Protein chains: 2
Amino acid sequence: MDNSEEFTTASERAYRIIREKILSGELEAGARLSQRKMAALSGVSIIPVIEALLRLEHDGLIEQRPQWGARVTVLSDERIRDLCLFREAIECQVARTLTETLDDAMMDVLKDMAVELDEVAQAEGVGSHYWLLDCAFHAKMAELTGSRMFVDAMRRINLFGILKQVAAASPGVPGILPKDWHMRIIRGLRTREADKAEAAIRYHVQNAFARDMAHT
Amino acid sequence: MDNSEEFTTASERAYRIIREKILSGELEAGARLSQRKMAALSGVSIIPVIEALLRLEHDGLIEQRPQWGARVTVLSDERIRDLCLFREAIECQVARTLTETLDDAMMDVLKDMAVELDEVAQAEGVGSHYWLLDCAFHAKMAELTGSRMFVDAMRRINLFGILKQVAAASPGVPGILPKDWHMRIIRGLRTREADKAEAAIRYHVQNAFARDMAHT
DNA sequence: CTTGACTAGCTGCTATAGCAGCTCTATCAT
DNA sequence: ATGATAGAGCTGCTATAGCAGCTAGTCAAG
């Protein structure tokens, strides 16, 4: 495996490399990130690292204080609550918006993704394969609203979710989720009523929250 | 007026100076921001400017493309719709959360702010004084949830709102708003029922949206 | 007059070097 | 033995300099 693929810019390379090391757990929660060490790590100079660290801070993966430095975000209960509330806010509004703007073809795209997701959950359980599909599904919903802010917000939510999953490292157990865990969302959207779609996705998000907290 | 006050860091100084020039309209929508010119403008070197531009991009005030540069965000109808949907998402969830966590003392703090806001709207109309208080009110709501992500999201929403207001530059007309325009939100929160509080704030946000679009 | 190439000046981007502050250790004096 | 102090090594931060690419403007050839 060669990590030094050619990216568009050195900042991008530093960002990707450092992010990967955080998401994989190689850089543990609370670990301090020295600019010089990150520069050596990613094979670039300090300036691109500064930019990369800012982007990581925007993503919520690290925290910076002026004149002090950066460290990997510690996933306290408070931060997890934060994330879940934020996710609930975004996803509910996404669902409401989709009831008004989504055409039938796009609805079918979402439905197919939901079906596959539920099948994987039943067959393999909540493992890395499931997480990948889940992220893609929710990202697709955000994308279909046509709103950049929702897409960006969902990207951050998913990144944080991966970090949380790495910290928990729970094994995949098949059949834990209801068989129509994601199809319920589709049915909510198909009513074309904002309140019903919102209720469906809120149920989905809040239960995911409860399950995550139980794992810790 | 001396803009070269001592900030904690050169990046901070550059960020504040450039942001002010954008919010005041001195740097017009669509104007290209050269790193060197911004450096000369704010009296610092290029590196702090790079950092400042990234923060401004995070705020949504500018847009950057790799190997191309930065320009002040153009407030297209699409972007405004984006912002309003995002604001609706955040504020509704903030209201829901507050019905569960807010104690009576904090509720009274919000009420006092709402009362002052409604009085100003009746007396002076929707001018710069009103906007300042309005930003403070909504920021306070976000702050009282105890969620950093909501606070940051609301900060971005308010910044964007200022930019929008500058672009419109509508004169202040007293009495345009209902007399209890913000007190309705407080009444919603006081029911201690998430759905009712959400409905109250959604009505508030959506109507503000409709009014803003009418101005353009 | 048109068209092509070349130059000068802009742009974003990044490597190097060096400043100021902090922390921790090792040495020295009491 | 204990305390203080000097120094070495780290840290974040930023100014300078220089590379590569794009753009426009000019000058010369057809």
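Below, read A as the first sequence line, B as the second, and so on, with proteins coming before strands; counting in each chain starts at 1. Keep in mind that what you see is a predicted model, and the values were worked out from it rather than measured.
The side chain of A:S34 lies closest to D:dT11, out of C:dT14, D:dT11, C:dG12. Listed nucleotides: C:dG12, C:dA15, D:dG12. Nearest to the side chain of A:V44: C:dA15.
OP1 or OP2 of C:dT14 has at least one side-chain nitrogen or oxygen of A:S11 nearer than 4.0 Å. Contact annotation: B:K37 does not reach the phosphate of C:dC10 (side-chain N/O to OP1 or OP2, under 4.0 Å). Residue A:T9 has no polar side-chain atom (N or O) positioned under 4.0 Å from OP1 or OP2 of C:dC13. For A:S45 and C:dT14, the shortest distance from a side-chain N or O to OP1 or OP2 is not below 4.0 Å.
Between the P atom of C:dT16 and the CD1 atom of A:I50 lies a distance of 15 Å, rounded to the nearest Å. The CH2 atom of B:W68 sits 12 Å away from the P atom of C:dT11 (whole-angstrom rounding). Counting to the nearest Å, the P atom of D:dG21 and the CD atom of B:Q35 are 17 Å from each other. The nearest whole Å value for the distance from the CG atom in A:L54 to the C1' atom in D:dC13 is 13 Å. In this structure, B:Y15 places its OH atom 16 Å from P of D:dT14, rounding to the nearest Å. Between the CD1 atom of A:I46 and the P atom of C:dA17 there is a distance of 12 Å, rounded to whole Å. Protein atom CD of B:E12 is 12 Å distant from nucleotide atom P of D:dC13, rounded to whole Å.
Under the 3.5 Å distance criterion, with hydrogens and angles disregarded, a donor-acceptor pair is assigned to the side chains of B:D59 and B:Y15. For the residue pair B:Q93/A:R202, the side-chain donor-acceptor check at 3.5 Å is satisfied.
Test B:T73, B:L159, B:L27 against B:I22 for side chain to side chain contact (heavy atoms under 4.5 Å, CB included) and you get one pass: B:L27. When each of A:V151, A:T97, A:V109, A:L110 is tested with A:L144 by the rule side chain to side chain contact (heavy atoms under 4.5 Å, CB included), just one qualifies, namely A:L110.
Taking the six-membered ring where tryptophan is involved, the planes of A:H58 and B:H58 are tilted, since the angle between them lies from 30° to 60°. Between B:H138 and B:H204, the ring planes are tilted. Angles from 30° to 60° get that label. The aromatic rings of B:F86 and A:F150 are tilted relative to each other, their planes meeting at an angle between 30° and 60°.
For A:R36 against C:dG18, a side-chain-to-base donor-acceptor contact under 3.5 Å is present.
Within a heavy-atom distance below 4.0 Å of DNA chain D, the residues of residues 60-67 of chain A found are A:P66, A:Q67.
Between B:I47 and B:L33, the residue anchored nearer the 5' end of DNA chain C, judged by the nucleotide with its closest heavy atom, is B:L33.
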